[in-house]
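For the numbers below, each heavy atom of this structure counts, side chains included, while hydrogens, waters and symmetry mates do not. Nothing here was measured: the structure is a model prediction, and the numbers come from that model.
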Amino acid sequence: MATFLYRLGRLAFRRRGLVALLWVVVLAVTGGFAASASSAASSNITIPGTEAQKAFELLEDRFPGSSPDGATARVVFKAPGGEKITDPENKAAVGEVVAELAKGEQVQQAVDPFRAQAVSPDQTIAYSQVSYEVSGFELTEESRDELKAAAEDGREAGLTVETGGDAMAAIPHTGAAEVIGVAIAAIVLLITFGSLVAAGLPLLTALVGVGVTVAVITAVTVPLDLNTTTPILATMIGLAVGIDYALFIVSRYRAELAEGREPLEAVGRATGTAGSAVVFAGLTVVIALVGLSVVNIPILTKMGLAAGGSVVLAVLVALTLIPALLGFAGQRVLPRKHRAKKDDAKDGAKDGEASAAVETRDGAGTRWARFVLRRPIAVLLVSVVGLGLLAVPAKDLQLNLPDDGSQPTSTTQRRAYDLIAEGFGPGTNGPLIVTVDAEDSDDPQGAAKATAERLQGLDGAAAVMPATFNKAGDTAMITVVPKSAPSSAATEDLVHDIRGQAPGIAEATGASVLVTGQTAMAIDVSQKMDDALAPYLILVVGLAFLLLTVVFRSILVPLKAALGFLLSVVAALGAVVAVFQWGWLADVFGVEQTGPVMSLMPILMVGLVFGLAMDYEVFLVTRMREAHVHGETPHESVVTGFKLGARVVTAAALIMISVFAGFIGSSESMIKMIGFGLAVAVLFDAFVIRMAVVPAVLALLGKSAWWLPRWLDKVLPNVDVEGEKLQRELNGSAARAGEREPVAVRD
């Protein structure tokens with residue numbers, strides 16, 4: 001591996017103009033495709049194999065033309081203070097708005113609230129249900145503008161009018177905080193390298209990789225029905241790993257220059273050694289992201305594949321474009337004072353002077369490593385206990401999908417949600433659709449009636465609407481309004497109670513009963529996530545364990561890496577629960593509404609954090625392994641690893657934290673939560689697990705850390721991440737060149 005990448009780096013250096021041009025062409029071509037494609041993204045979530053999805057598909061089949069997957073909107077009206085919505089003037093204003101809504105080109109129907117009895121008991125609030133013929137991602141901006149214009153006409157008539165539903169869903173934006181995150185990353189790079197050129201290279205190449213990724217995602221959004229959060233997640237991951245991977249190669253290149261090597265040779269060695277670590281670190285991230293497909297939820301699979309693609313591009317950019325750009329930069333990646341010292345060294349100074357001045361001088365990393373080696377047990381206990389305390393809130397983790405109730409109070413969706421809850425009860429925001437499949441029943445009408453009677457007797461049901469039959473008369477829909485809010489545990493209990501009645505109904509009437517609707521769908525998502533988490537962990541951690549065993553030629557080092565990851569991710573989940581569910585420091589992080597954690601969060605966080613955690617493990621421990629292979633004692637190799645890698649790993653972690661924290665400013669609660677969770681997880685994993693627990697455990701294990709059974713050592717391929725074979729090959733080539741060097745003969 002190292003030898004191949006050594007040659008690749010030198011080739012990219014020599015053909016730097018061609019390599020840079022090829023990446024520019026790729027960026028331009030993908031950008032052209034993206035510009036000509038529709039970027040309308042989906043907000044729908046399907047869960048194959050669940051009861052809610054089966055019922056949804058049944059309705060789609062038995063009620064042709066009803067567009068059960070079509071977008072919906074709720075336009076909520078409230079009368080001015082002291083008046084009623086049923087007053088003639090207010091009633092007329094509502095009628096005009098509904099009539100205007102019904103004229104929309106994509107509107108299937110707009111229901112008159114007075115005919116549908118959608119008026120609150122105190123007659124101050126009413127709502128109209130608007131159904132569209134197309135799904136949310138197919139809804140045009142003109143249709144959304146028509147909806148907003150109709151609501152504005154109602155306001156001009158003196159009414160309070162708010163609009164909710166998935167028809168109002170918009171592509172989430174991340175705001176200025178994302179730019180601030182990148183700016184902080186630039187500052188960290190500048191401080192780390194002390195050179196504008198060196199600091200600019202990782203940012204430039206990361207932006208190229210992210211640009212290509214986002215362009216490709218935009219081009220295939222409609223054909224693949226991608227979700228609105230997919231490009232943001234890919235950007236988040238691609239930007240973070242893109243900067244980090246470039247950072248490690250540039251840093252190693254500077255170290256090689258400092259040892260007196262020419263730029264061409266320095267690029268080859270940097271790509272061969274640091275590039276090998278980049279490849280395997282990238283593989284762990286890709287494994288974690290692609291592994292999300294085992295959950296069998298299309299949205300999660302597509303998000304994982306898209307983010308995995310961004311990581312692959314980041315690796316390719318780091319291995320090709322970075323060496324090419326280093327060819328243009330040459331010695332300018334070093335600070336000016338260090339370039340001057342190198343010039344002095346060429347004029348007769350000691351060879352090691354420049355090297356000591358650039359990257360390898362003793363610093364905070366070396367002092368910290370020696371401190372940990374002196375007190376490994378104390379450091380280990382403090383780290384584990386501290387993260388354990390942070391993980392305590394995770395025991396109270398509650399999962400659900402975000403709805404309009406989780407939107408900021410400044411949005412019309414949230415205000416519509418609150419008005420519905422005020423006028424009709426919280427359960428009206430998340431009605432359940434009970435499907436009665438009476439195709440095999442002798443009395444479909446009787447089956448529907450018996451089902452409704454059973455449902456009315458359930459404690460959690462506030463109202464049970466009359467059954468609506470299809471044209472064939474063999475399938476009925478019964479709307480059940482819960483007493484509690486859609487995301488509450490009581491509503492989940494009601495769904496389970498209804499499903500518990502299904503066997504008895506089937507036995508008595510011959511009809512099958514299924515529960516669906518957005519609320520039931522959210523409950524099924526949460527359950528599916530719970531069921532998939534353990535198999536996912538086993539798959540991802542198992543595959544990565546095998547990969548790290550190959551990289552480090554050790555059993556205990558990969559085991560320690562996996563256990564450390566589990567501790568950091570549980571602690572991060574605890575922090576997410578404390579902020580987004582309990583409301584601790586909610587104002588600081590802009591959390592306007594606390595509630596259950598998004599169902600996708602735990603498994604998505606496990607996948608992303610595991611991959612990123614292994615990045616730091618590979619980059620830091622590879623340096624230790626390299627030192628150990630070259631003859632240093634276990635303690636000396638830990639110090640060497642920190643001396644050569646701690647500063648760069650610290651910079652990489654700060655950059656990732658900055659990038660992820662930038663997404664906390666997103667208007668989308670899902671993105672805000674992911675950004676916070678990843679930022680906190682990287683903080684815990686990089687600065688507690690990798691910087692404290694790893695050296696403490698290695699100090700306690702000693703030589704045992706690098707133990708590998710002989711039979712396994714023979715079976716495993718030697719990928720030479722630390723560049724041992726490459727070093728022997730280069731030393732052999734140098735020796736042979738010295739033997740062939742001609743002796744000058746004087747005339």
Side-chain angles (χ1 to χ4, degrees), residues 2 5-21 23 185-208 243-275 277-278 317-361 363 623 643-645 647-648 651-652 655 723 726-727 730 733-734 737:
L5 294 178
Y6 169 82
R7 293 169 180 165
L8 177 63
R10 289 170 64 94
L11 177 64
F13 184 96
R14 291 196 186 100
R15 302 287 186 269
R16 48 187 174 272
L18 177 60
V19 172
L21 179 61
W23 277 109
I187 294 172
V188 172
L189 286 169
L190 186 58
I191 293 174
T192 302
F193 288 138
S195 164
L196 281 173
V197 174
L201 286 180
L203 285 175
L204 176 61
T205 54
L207 290 175
V208 170
I243 293 174
D244 277 7
Y245 295 166
L247 166 65
F248 281 100
I249 292 179
V250 172
S251 177
R252 188 60 180 256
Y253 171 73
R254 283 158 51 94
E256 297 293 339
L257 285 180
E259 292 180 9
R261 294 186 176 89
E262 292 301 314
L264 175 61
E265 181 65 15
V267 161
R269 289 175 181 255
T271 309
T273 52
V278 165
V317 167
L319 297 179
T320 57
L321 186 57
I322 279 290
L325 295 181
L326 288 174
F328 291 113
Q331 301 278 355
R332 290 192 296 277
V333 296
L334 297 175
R336 184 171 299 176
K337 62 179 181 179
H338 294 150
R339 295 201 300 270
K341 288 184 178 182
K342 283 181 65 64
D343 292 338
D344 292 341
K346 290 180 180 179
D347 292 336
K350 293 181 180 180
D351 291 340
E353 183 180 351
S355 175
V358 181
E359 300 277 1
T360 60
R361 65 178 182 272
R623 281 289 201 172
K643 179 166 65 175
L644 299 176
R647 185 183 182 194
V648 180
I655 288 168
L726 173 62
Q727 186 64 46
L730 293 175
S733 299

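Although no hydrogens or angles enter the test, the distance criterion places a donor-acceptor pair under 3.5 Å between the side chain of R647 and the main chain of T192. When atom types are taken as modelled, the side chain of R269 and the backbone of A266 share no donor-acceptor pair closer than 3.5 angstrom. Side-chain N or O atoms of S251 include none that pairs as donor or acceptor with a backbone N or O of L247 at under 3.5 Å. A donor-acceptor pair is defined here as one N or O able to donate and one able to accept, closer than 3.5 Å; such a pair exists between the side chain of R254 and the backbone of F193. Without hydrogens or angle criteria, T320 side chain to A12 main chain gives no donor-acceptor distance under 3.5 Å.
Proximity of L189 to I243: side-chain heavy atoms (C-beta onward) are separated by under 4.5 Å at one or more points. In this structure, the side chains of R10 and Y6 come closer than 4.5 Å at one or more pairs of heavy atoms. Counting only heavy atoms from C-beta outward, the side chains of S195 and R332 never approach each other to under 4.5 Å.
Of all non-hydrogen atoms in V333 and A198, the two that sit nearest each other are O-CB, 3.4 Å. Across all non-hydrogen atoms, the minimal contact from L203 to A186 is CD1-CB, 3.4 Å. Heavy atoms only, all atoms of each residue included: A270 and E256 are closest at N-CG, 4.4 Å. Listed here is the closest heavy atom pair of A318 and A246: CB-N, 4.4 Å.
Interatomic distance, CG of L11 versus CZ of F13, reported as 12.0 Å (0.5 Å rounding). Put simply, OH on Y245 and CD1 on I322 are 13.5 Å apart, with the number rounded to the nearest 0.5 Å.
Under the side-chain contact (heavy atoms from CB on, under 4.5 Å) criterion, L319 pairs with L5, L8, I249, T271, V279, V315, sequence neighbours left out. In this view, I187 and I191 satisfy the side-chain contact (heavy atoms from CB on, under 4.5 Å) rule, not counting sequence neighbours. Qualifying ring-ring contact (aromatic ring centres under 6.0 Å, His included) partners for Y253, counting only residues two or more places apart in sequence or in other chains: none.
Under a cut-off of 6.0 angstrom, the local environment of CG in L18 is crowded, with over 12 non-hydrogen atoms contributed by other residues, nucleotides or ligands.
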